[in-house]
Number of protein chains: 2
Amino acid sequence: MSHRSHATRATINDVARAADVSRQTVSNALNKPHLVRPATLERVRAEIDRLGYLPSQAAQGMRSQRAGAIGVELNAVHRGASDVAQPFLTDLTVAAPRHDVHLVPFAHGTRFPAVDGYRDMVRRRLVDAFVLSDTHLGDPRPEWLLEAGIPFAAFGRIYDHPELGWWADVDGAAGTAQAVDHLHDRGYRTAAYLGWPPHKDDSEVADARREGWLTRAGELGTAGPELACEQDLADATLAARTLLDQLEPGDAVVCASDLIALGVMYAAAARGWRIGPDLGVVGFDGSLTASRHGLTSLLQPLPDIADALLGLLTDQLAGGADDPGGRLLTPTLTTGPSTDRTTAATAYTPLPAPGKRR
Amino acid sequence: MSHRSHATRATINDVARAADVSRQTVSNALNKPHLVRPATLERVRAEIDRLGYLPSQAAQGMRSQRAGAIGVELNAVHRGASDVAQPFLTDLTVAAPRHDVHLVPFAHGTRFPAVDGYRDMVRRRLVDAFVLSDTHLGDPRPEWLLEAGIPFAAFGRIYDHPELGWWADVDGAAGTAQAVDHLHDRGYRTAAYLGWPPHKDDSEVADARREGWLTRAGELGTAGPELACEQDLADATLAARTLLDQLEPGDAVVCASDLIALGVMYAAAARGWRIGPDLGVVGFDGSLTASRHGLTSLLQPLPDIADALLGLLTDQLAGGADDPGGRLLTPTLTTGPSTDRTTAATAYTPLPAPGKRR
DNA sequence: ATCGTTCATATGAACGTTCAAAAGGCGTTG
DNA sequence: CAACGCCTTTTGAACGTTCATATGAACGAT
């Protein structure tokens, strides 16, 4: 007997009947308790608990003309390529109940962000608004959503519409500045930088992270050489090899991402340098990659960003709220062995050939 | 002027009025076109297109007493810890439209899977059913869902209810057997195994992967030594060091996961062995870790699993379907430099100290 | 006693959809 | 030509909720 009998869920009428009141009184007990006489309120609440009643989302949505949901596009092409996409989605999910919404992820199979997907989600009244990620210069989505009058909020700047403040982002400059301070505190001589090349479509992220390093290291007088590479382990390792040619043990490298930092670790290990004692390395993102490899990194404030974005959306949906301007949130430095000068590299960092040093 | 006018979405009545028919005819045009006279059908369809009408999910859900949604728990504790969680969610999202459902992710903040979250999702009629991941021995969820009559399907076996077939999983044994074949084809002398220790709660996954290696390597006469370690880079690297003591250049290692394989690569590099030419390494999961490090791995058939699970759910929701029994899906071997005997290790695999060998 | 006030609770209506059933048109048949 | 059947289209009802409004009871003031 594999078929299961569906326990029929309680409705507001079931509660009303059980508590011997009208459905409106039950509704009031939940939404406007001050209108209900205390004795009645208690009785109704008891029945609500007993029957395990929760209002139907569909019926509420019907009445309010709101889906109570936020759409989030999962890029089927990138898949897991970004180290932060997954934790960010989790943080959005955790934050959602605080804003009385739930999330509806959707994906497009093609390479290009199909505005069609967004359109149909709204037409089916599946969602009221969207959270955008990976916005870039020439991104058609903000333009289109704006035109269609659909609220949205972006993780990252809205490049083609700098006048819009419906976004939240990581303060990259503040992050790398922290990294430079930390390396200085730990006694590393200079802080080199391995970043991204000036990109066509979203150079601001790259610029900000580099800027924080350059400014702070300039102030402290610890600025080392810099170099750029793609967000790719092989390319980062190659670039790091070149960068390390200009460094000596006792120096450090600030990186634009954890993946790049991993490349630096590899290049350093190949050279026989111990990560930490001989070379300080700081990554960016606070990703799984960082924690796995004992990397000091800048943990993105994803829970705060998620909360801020949902707040922006509910404000827009509520109607009146004026554009509050974008929010820059500061990442948190998490320290690992990669900037520990006293402890030798742990077992799981790439090791040089045995007997070669020390 | 930041406030936007909400373009009011078309309803079935708008279409009916425009096409000069009744709402039911519009409904029929969409759901039972054979009941509508061709000329009328064409006229209605034209108006549907012109107005961009799509039925309201809430209203349909109301009528059908179905949410049309599947709940997926995102574990806020694991966060991005699993290499497959993110791609799996993406694959579920991609597969969802094929089954006429959408997904609703939800999370619990606490460490233990709170059955309460599942319960409330159903009571609010937000979802009709659930996809479970990370099922394990003693998992309270299957028991509870079964009792409550809520359909579910699990990625991974349902350990406490082996009689239930509402699951799909990766065929671990078939995977590692492929790995052994591949290593044999490539001319590696023996295939050692670095797996997981017999675990308290979900030993079947570990057993299956080991079994596939043991059986096939036994048949081919290439079985090397084996060892176990936790799913942790440091532990894997340490264990690999011990395992490599029993191997020689020309041997290979099959690993229970990509992370463990990475540990093997580190241990081998520390020893001055070139990955590929000196030591073959095969991981499991086909994760981002694998592709980043040029690792030959067994790509989990996540799109197929996602599709199978949603199929199981829609069958259950449709009512009659008998338990079809669990499905084991075969992973695909993806080759990388880590099992290429001719090409030297690429730049991004950990390198030994320069000048040390070759 | 009659009237307004206030508080507590109840009823009607509507949101958008689809099932069930009714109704209208038209050709065939007894 | 009335009765029947078929094809197409329309109407009524219901899903569960909440807003707007109505009803009723209690009470103080005239």
Side-chain angles (χ1 to χ4, degrees), chain A residues 6 8-45 47-48 51-69 100 120 122-128, chain B residues 6 8-45 47-48 51-69 100 120-128 319:
Chain A
H6 261 243
T8 176
R9 270 48 102 173
T11 76
I12 200 173
N13 282 310
D14 297 331
V15 177
R17 210 170 305 120
D20 198 33
V21 294
S22 72
R23 59 183 195 285
Q24 185 60 40
T25 300
V26 178
S27 176
N28 286 338
L30 284 170
N31 305 317
K32 305 181 175 172
H34 59 281
L35 293 182
V36 181
R37 191 161 51 100
T40 313
L41 185 58
E42 192 179 1
R43 185 157 36 97
V44 172
R45 281 184 170 156
E47 289 303 327
I48 287 177
L51 297 172
Y53 167 71
L54 284 178
S56 150
Q57 176 81 14
Q60 283 183 324
M62 188 111 209
R63 184 99 236 299
S64 66
Q65 300 291 78
R66 285 271 158 79
D100 285 314
D120 292 351
V122 173
R123 287 196 177 154
R124 295 215 63 191
R125 263 154 283 198
L126 258 176
V127 303
D128 303 313
Chain B
H6 261 243
T8 175
R9 273 42 103 176
T11 74
I12 200 172
N13 282 310
D14 298 329
V15 177
R17 210 171 304 120
D20 198 32
V21 293
S22 71
R23 58 183 198 284
Q24 184 60 40
T25 300
V26 178
S27 176
N28 286 339
L30 285 169
N31 304 317
K32 304 181 175 172
H34 59 280
L35 294 182
V36 181
R37 191 161 51 102
T40 313
L41 185 58
E42 192 180 358
R43 185 158 36 99
V44 172
R45 280 184 170 156
E47 290 303 326
I48 287 176
L51 298 172
Y53 166 71
L54 285 178
S56 150
Q57 177 80 15
Q60 283 184 324
M62 187 111 208
R63 182 99 241 293
S64 66
Q65 301 291 79
R66 284 269 158 80
D100 286 313
D120 292 351
M121 296 282 284
V122 173
R123 287 196 177 156
R124 295 215 61 193
R125 262 152 284 197
L126 259 175
V127 303
D128 303 313

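Chain naming here is simple, since letters A, B, ... match the order of the sequence lines and numbering starts at 1 in each.
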Student: When you measure from the side chain of A:Q24, which nucleotide among C:dG12, D:dT10, C:dT9 comes out closest?
Tutor: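 Looking only at side-chain atoms, A:Q24 lies closest to C:dG12.
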
Student: Measure from CZ on B:R23 to P on C:dC15 and round the result to the nearest Å.
Tutor: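 Taking CZ of B:R23 and P of C:dC15, I get 12 Å after rounding.
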
Student: Given atom CG of A:N13 and atom P of C:dT9, what is their separation to the nearest angstrom?
Tutor: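 It works out to 17 Å between those atoms.
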
Student: Roughly, in whole Å, what's the span from CG in A:L54 to P in D:dT17?
Tutor: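 Taking atom P of D:dT17 as the reference, CG of A:L54 is at 10 Å.
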
Student: Quick one: which of D:dG16, C:dA10, C:dG16 gets closest to the side chain of A:T11?
Tutor: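 The nucleotide sitting nearest to the side chain is D:dG16.
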
Student: Using the closest heavy atom to pick a nucleotide of DNA chain C for each, name whichever of A:R43 or B:A10 lands nearer the 5' end.
Tutor: A:R43

Student: Are more than 12 heavy atoms from other residues, nucleotides or ligands located less than 6.0 Å from atom CG of B:D20?
Tutor: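 Not buried by this count: 12 neighbours or fewer within 6.0 Å.
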
Student: Which nucleotide sits closest to the side chain of B:R63: C:dA10, C:dG16, C:dA13?
Tutor: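 When the side chain of B:R63 is considered, C:dG16 is the closest of C:dA10, C:dG16, C:dA13.
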
Student: Considering only D:dC19, C:dC15, D:dG16, which nucleotide approaches the side chain of A:Q65 most closely?
Tutor: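 Shortest atom-to-atom distance from the side chain points to C:dC15.
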
Student: Report the distance from atom CD1 of B:I12 to atom C1' of C:dT18, rounded to the nearest whole Å.
Tutor: 8 Å

Student: To the nearest Å, how far apart are A:N28 CG and C:dT11 C1'?
Tutor: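 These atoms are roughly 13 Å apart.
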
Student: Using whole Å, report how far CZ of A:R37 lies from C1' of C:dT6.
Tutor: 15 Å

Student: Below 4.0 angstrom from OP1 or OP2 of C:dA8, is there any side-chain N or O of A:T40?
Tutor: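 Answer is no, no contact under 4.0 Å.
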
Student: Establish, with yes or no, whether the OP1 or OP2 oxygen of D:dC19 is under 4.0 angstrom from a side-chain nitrogen or oxygen of A:K32.
Tutor: yes

Student: Check whether any side-chain heavy atom of B:V44 sits under 4.5 Å from a side-chain heavy atom of B:V36, and report yes or no.
Tutor: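 No, their side chains stay 4.5 Å or more apart.
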
Student: If I take atom CZ in residue A:R66 and atom C1' in nucleotide D:dT18, what distance separates them, rounded to the nearest angstrom?
Tutor: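 So the two atoms are 15 Å apart, to the nearest Å.
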
Student: Given that B:A59 and B:D20 both sit by DNA chain D, which one's nearest nucleotide is further toward the 5' end?
Tutor: B:D20

Student: Find the distance between CG (A:L51) and CZ (A:R9) and round it off to the nearest 0.5 Å.
Tutor: 14.0 Å

Student: Checking A:T11 against A:R23 for the side-chain contact (heavy atoms from CB on, under 4.5 Å) test, could you report, in this order, the C-alpha distance in whole Å, the side-chain angles of both residues, the deciding distance, and whether it holds?
Tutor: CA-CA 9 Å; A:T11 76; A:R23 59 183 195 285; over 6 Å; no

Student: Whether B:T25 contacts D:dT10 is assessed here as follows: a side-chain N or O lying under 4.0 Å from the phosphate OP1 or OP2. Is that the case?
Tutor: yes

Student: Find out whether B:E47 and B:V26 are in side-chain contact, i.e. whether some heavy atom of one side chain is under 4.5 Å from a heavy atom of the other.
Tutor: no

Student: Answer yes or no: does a side-chain N or O of A:S56 lie under 4.0 Å from OP1 or OP2 of D:dT17?
Tutor: no

Student: Check the distance between D:dG16's C1' and B:R124's CZ and give it to me in whole angstrom.
Tutor: 12 Å

Student: Taking only side-chain N and O atoms of B:S22, does any of them lie within less than 4.0 angstrom of OP1 or OP2 on D:dT11?
Tutor: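 Checking D:dT11 against B:S22, no side-chain N or O comes under 4.0 Å of OP1 or OP2.
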
